[in-house]
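Contents: one structure, followed by commentary.
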Amino acid sequence: MTATPGPSVLAPVAARYAWWLGLPAERTADRDVPPEQVWAMPVVLRLEKAAPPSRTPLLEAAASAALAVCLHDDARPGGPWYEALLSWTSGHIRKVARRARGAHWEAVQDLPGVTVDVDGAQVRALLPCRVGDLPKEVSRLQISGSDVPFDEPGPAPDDRPVLLLNPDVTMSAGKAAAQVGHGTMLLAALLDQAELTAWADEGYRCSVRVGDRDGWTRATDALARPHEAWDEHGLVAVRDAGFTEIEPGTVTVVAKARP
């Protein structure tokens, strides 16, 4: 992970954030290139048969890993990951979650990326590429079946960002992993350098919880004014394009920089 992160590859994410929130729902699924030419970040969830992880730490590991790739030392201007990451963040920040176990999990450790472990749950986020150019170690992995049972994690700690999942939308663990990864990226894109450095020192740890309906309504009402929601409450929203599982334009996650 980085010692002194810089937000350069996340600048395009920050620049279009408010525009994306205001886009008509039916426009969020617009795609201007063929599917195989779309850039995506592979997010590999370790799901061993004998000891599957709990859902909450798995999602927390995914959220931290996706951001850690973006703010890795190799992601700085001139670094070996910079051009690929900038190409990706300059378009849709699509992620594709896949599951791996055993030798397949070990194989993806050799690919450029970052593995995060949260309470024994492990996720490796990889350097983005075009979907048609996925390494064979990734393309052979299954997308379906990347689910684990819901758990009851208890209250979120008050010393780290919190990612609230939409209580009215059911998502597989793989889909939710992608969404919380979007959430940490949006937070990091808007934080100042001092806040970002402090978060890096904590390994980009965050909490993932399902939002309660009253709190979710208040947060999404506030997000009708994106700049005020950020300046006054430290809130950002993840709005999905709707390519898989859910309707286009759905707000899937509200991320809070300050609990």
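Between Thr220 and Val254, the closest side-chain pair of non-hydrogen atoms falls below 4.5 Å. Using a 4.5 Å heavy-atom threshold, the side chains of Trp216 and Val251 count as touching. Residues Thr250 and Asn166 meet the side-chain proximity criterion, which asks for heavy atoms closer than 4.5 Å. Proximity of Val118 to Val123: side-chain heavy atoms (C-beta onward) are nowhere separated by under 4.5 Å. Contact check for Glu60 versus Arg205: side-chain heavy atoms found under the 4.5 Å cut-off. The shortest side-chain heavy-atom distance between Leu235 and Leu223 falls under the 4.5 Å cut-off. Using a 4.5 Å cut-off on side-chain heavy atoms (C-beta onward), Leu165 and Val208 make contact. In this structure, the side chains of Leu10 and Met185 come closer than 4.5 Å at one or more pairs of heavy atoms.
Legend: residues meeting side chain to side chain contact (heavy atoms under 4.5 Å, CB included) with Pro77, ordered by chain and number and at least two apart, are Ser8, Tyr82. In this view, Thr252 and Gln179 satisfy the side chain to side chain donor-acceptor pair (under 3.5 Å) rule, not counting sequence neighbours. For Pro42, the side chain to side chain contact (heavy atoms under 4.5 Å, CB included) test picks out Leu126, Leu134, Val138, with sequence neighbours left out. With sequence neighbours left out, the side chain to side chain contact (heavy atoms under 4.5 Å, CB included) criterion links Asp192 to Ala194, Glu195. For the side chain to side chain contact (heavy atoms under 4.5 Å, CB included) test, residues two or more places apart in sequence or in another chain that qualify with Ala178 are Lys95. Taking the ring-ring contact (aromatic ring centres under 6.0 Å, His included) definition, one finds that Trp81 meets it with His72, sequence neighbours left out. Evaluation of the ring-ring contact (aromatic ring centres under 6.0 Å, His included) rule for Trp199 yields Tyr204 as partners, not counting sequence neighbours. Applying the side chain to side chain donor-acceptor pair (under 3.5 Å) rule to Ser207 yields no partners; only residues at least two apart in sequence or on another chain are considered. Scored by the side chain to side chain donor-acceptor pair (under 3.5 Å) test, Asp168 finds Arg213 as partners (sequence neighbours excluded). By the salt bridge (charged side-chain N to carboxylate O under 4.0 Å, His left out) test, Arg55 pairs with Asp147, sequence neighbours left out. Partners of Arg46 by side chain to side chain donor-acceptor pair (under 3.5 Å), not counting sequence neighbours, listed by chain and number: Glu48, Gln122.
Of all heavy-atom pairs between Ala237 and Leu186, the closest is O-CD1, 3.3 Å. What you find for Leu196 and Leu191 is that their closest heavy atoms are CD1-CD1, 4.3 Å. Considering every non-hydrogen atom in both Ala177 and Ala62, the closest pair reads CB-CB, 3.7 Å. Considering all non-hydrogen atoms of both residues, Leu111 and Arg124 come closest at O-NH2, 2.7 Å. Among all heavy-atom pairs drawn from Ala255 and Leu163, the shortest one is CB-CD2, 3.3 Å. What you find for Ala68 and Val114 is that their closest heavy atoms are CB-CG1, 3.8 Å.
Atom CD of Glu106 sits in a crowded spot, with more than 12 heavy atoms from other residues, nucleotides or ligands closer than 6.0 Å.
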Point to revise | Trace of the side-chain contact (heavy atoms from CB on, under 4.5 Å) decision for Gln142 with Arg98 | key: CA-CA 6 Å; Gln142 295 294 314; Arg98 296 175 183 254; over 6 Å; no
**Study point:** side-chain contact (heavy atoms from CB on, under 4.5 Å) between Leu45 and Val148, intermediate numbers included
**Key:** CA-CA 11 Å; Leu45 316 178; Val148 291; over 6 Å; no
Check your understanding: Taking it one step at a time, do Trp105 and Thr115 satisfy side-chain contact (heavy atoms from CB on, under 4.5 Å)?
Key -> CA-CA 11 Å; Trp105 170 256; Thr115 297; 4.0 Å; yes
Practice item. Report the C-alpha distance between Glu152 and Arg209 in whole Å, list the side-chain angles of each, state the deciding distance to 0.1 Å, and finish with yes or no for salt bridge (charged side-chain N to carboxylate O under 4.0 Å, His left out). Key: CA-CA 9 Å; Glu152 305 239 358; Arg209 299 292 188 271; over 6 Å; no
Point to revise | Val210 and Leu164: CA distance, side-chain angles, deciding distance, side-chain contact (heavy atoms from CB on, under 4.5 Å) verdict | key: CA-CA 5 Å; Val210 176; Leu164 300 176; over 6 Å; no
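We find the NE2-CZ distance between His104 and Arg140 to be 4.0 Å, quoted to the nearest 0.5 Å. Distance check, rounded to the nearest 0.5 Å: OG of Ser172 to CD1 of Ile246 gives 10.0 Å.
Between Trp20 and His182, the distance separating the two ring centers is not shorter than 6.0 angstrom.
Counted by atom type alone, Gln37 and Arg130 present one or more donor-acceptor pairs between their side chains at under 3.5 Å.
Panel note: side chain Ser64, backbone Ala61; no donor-acceptor pair is recorded below 3.5 Å. No donor-acceptor pair closer than 3.5 Å links the side chain of Thr89 to the backbone N or O of Val13. The backbone N or O of Arg94 lies less than 3.5 Å from a partner atom in the side chain of Trp88, making a donor-acceptor pair. Side-chain atoms of Asp151 never come within 3.5 Å of backbone atoms of Pro153 as a donor-acceptor pair (strictly under, hydrogens ignored).
Applying the salt bridge (charged side-chain N to carboxylate O under 4.0 Å, His left out) test to every pair with at least one member in residues 227-246, sequence neighbours left out, gives these pairs: Lys175-Asp240, Arg225-Glu228.
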